[in-house]
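Structure record follows, encoded as structure tokens.
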Amino acid sequence: MKHVLVIDGLNLIYRARVAMRDAEHGCTFAALRSIRSLVERFKPDITYFVLEGVPRRRIAESDGTYKAQRVDADDSFKIQKRQIVDILANLLPVVVTRHPDYEADDVIAHLAENIHENDRVTVVSTDTDFIQLIKQDNHRITLYSPIKDIFVEAPPYNYVQWKALRGDGADNIPGIPGIGDKRATKIVTEAGALEELFAKKPDARAIYEHNLSMIGFENLSNSWNLTKFSKPSRKNDSLRERLLSLDIVSLTNDKTWPKWIASFDRLWIQFPSANE
């Protein structure tokens, strides 16, 4: 059984942006430092860095309101995001992964539940949507929250049903009016409570069913062949020069560099054609 590390890419990049907002290439530095730290901590056999595609179905079924409240990033952040992805995809043994028509959440779920169904999978993200991947009676898939430095515990109820009732403000998905966290928990844990709600509020059923389809993971089986995977080359000298050109000195000095680059040695096994 392999240990597979799956990183929610944009989630990590946004955390890196907050950590190093003022430095010119601070986001790039913080992201690379974070990835190395995760690889050192979990010692995976393979690492994925999953990026966002365009969730066309969700956008269409929400009349364009899905995640519409999110503000475009500034130019500096966009440049650094491209830098991070380019370095990972070409010069580090991390599989940068993206499906053009689905979000990172859906791709990560397919990797964890299907592609690596016989492996141990650690998902790294602060996105609570991944709670639907973890089970109380099966710890093959774990969810690590880097902000809290904890492994998230599976709730004793159906998380997708719970979230469909109370909505998801982060994704601009309104819940059923009058239902918050506590009432949603009561409804999904008490027998007959859900149908009782629909009997009292007939309009609630349509909201609930719509939200289920928006929050639950997509089935990628029929289009998985469209997913793109990076194939980097092992060129440590080129990587060091690239980082130096971005004034990322603390990773590339004579003391730090050998230890930093050695952290990725075991991951190069998955790229047998890579060369120095």
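- Between His99 and Tyr102, the ring-plane angle classifies as perpendicular under the 30° and 60° cut-offs.
- For Asp127 (side chain) and Asp129 (main-chain N/O), a donor-acceptor pair under 3.5 Å exists by modelled atom type.
- You'll find the side chain of Glu209 stays beyond 4.5 Å of the side chain of Ser213, heavy atoms only.
- Scanning for side chain to side chain donor-acceptor pair (under 3.5 Å) contacts around Thr128 gives Tyr159, Lys163, with sequence neighbours left out.
- The two residues Pro156 and Thr189 come nearest to each other via the heavy atoms O-CG2, 4.5 Å.
- Side-chain contact between Leu12 and Ile84: absent, with no pair of heavy atoms (C-beta onward) separated by less than 4.5 Å.
- Annotation: salt bridge (Lys or Arg N to Asp or Glu O under 4.0 Å) contacts of Asp149 (sequence neighbours excluded): Arg41.
- Tyr144 and Phe42 have perpendicular rings, their planes meeting at more than 60° on a 0 to 90° scale where under 30° would count as parallel.
- With Gln80 contributing its side chain and Glu24 its backbone, the two residues share a donor-acceptor pair below 3.5 Å.
- Shown here are the salt bridge (Lys or Arg N to Asp or Glu O under 4.0 Å) partners of Glu218, two or more places apart in sequence or in another chain: Arg57.
- Shown here for Cys27 and Phe77, the closest heavy-atom pair between the two residues is SG-CE1, 3.9 Å.
- Remark: Gln270 CD to Lys231 NZ distance equals 12.0 Å, nearest 0.5 Å.
- In the model, Arg15 has a side-chain atom that pairs as donor or acceptor with a side-chain atom of Asn11 under 3.5 Å.
- Remark: Asp75 does not engage Arg82 in a salt bridge, criterion side-chain N to carboxylate O under 4.0 Å.
- Side-chain contact check for Val85 versus Ser230: every heavy-atom pair is 4.5 Å or farther apart.
- At a threshold of 4.5 Å between non-hydrogen side-chain atoms, the residues Leu143 and Leu133 do not count as touching.
- The CG atom of Leu226 sits 6.5 Å away from the CG atom of Asp101 when rounded to the nearest 0.5 Å.
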Check against salt bridge (Lys or Arg N to Asp or Glu O under 4.0 Å), Arg234 and Asp265: CA-CA 10 Å; Arg234 191 172 188 176; Asp265 281 349; 2.8 Å; yes
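- Cluster membership for Trp268 and Tyr48, using ILVMFWY side-chain heavy atoms within less than 4.5 angstrom, is shared.
- The environment of Lys43 atom NZ is dense: over 12 non-hydrogen atoms of other residues, nucleotides or ligands sit within 6.0 angstrom.
- Listed by chain and residue number, Met1, His3 satisfy the side chain to side chain contact (heavy atoms under 4.5 Å, CB included) test with Arg120 (two or more places apart in sequence, or in another chain).
- No donor-acceptor pair under 3.5 Å is formed between the side chain of Ser233 and the backbone N or O of Lys235.
- The side chain to side chain donor-acceptor pair (under 3.5 Å) check on Asn90 picks up Asp86, with sequence neighbours excluded.
- Atom CG of Asn253 sits in a crowded spot, with more than 12 heavy atoms from other residues, nucleotides or ligands closer than 6.0 Å.
- The backbone N or O of Met214 lies less than 3.5 Å from a partner atom in the side chain of Arg58, making a donor-acceptor pair.
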Identify each donor-acceptor pair in which a side-chain atom of residues 191-200 lies under 3.5 Å from a protein atom, sequence neighbours left out, and give them as a table.
{"from": "Glu195", "atom 1": "OE1", "to": "Arg205", "atom 2": "NH2", "distance (Å)": "2.9"}
{"from": "Glu196", "atom 1": "OE2", "to": "Lys200", "atom 2": "NZ", "distance (Å)": "3.3"}

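- Put simply, the side chain of Thr126 reaches to within 4.5 Å of the side chain of Ser145, judged on heavy atoms.
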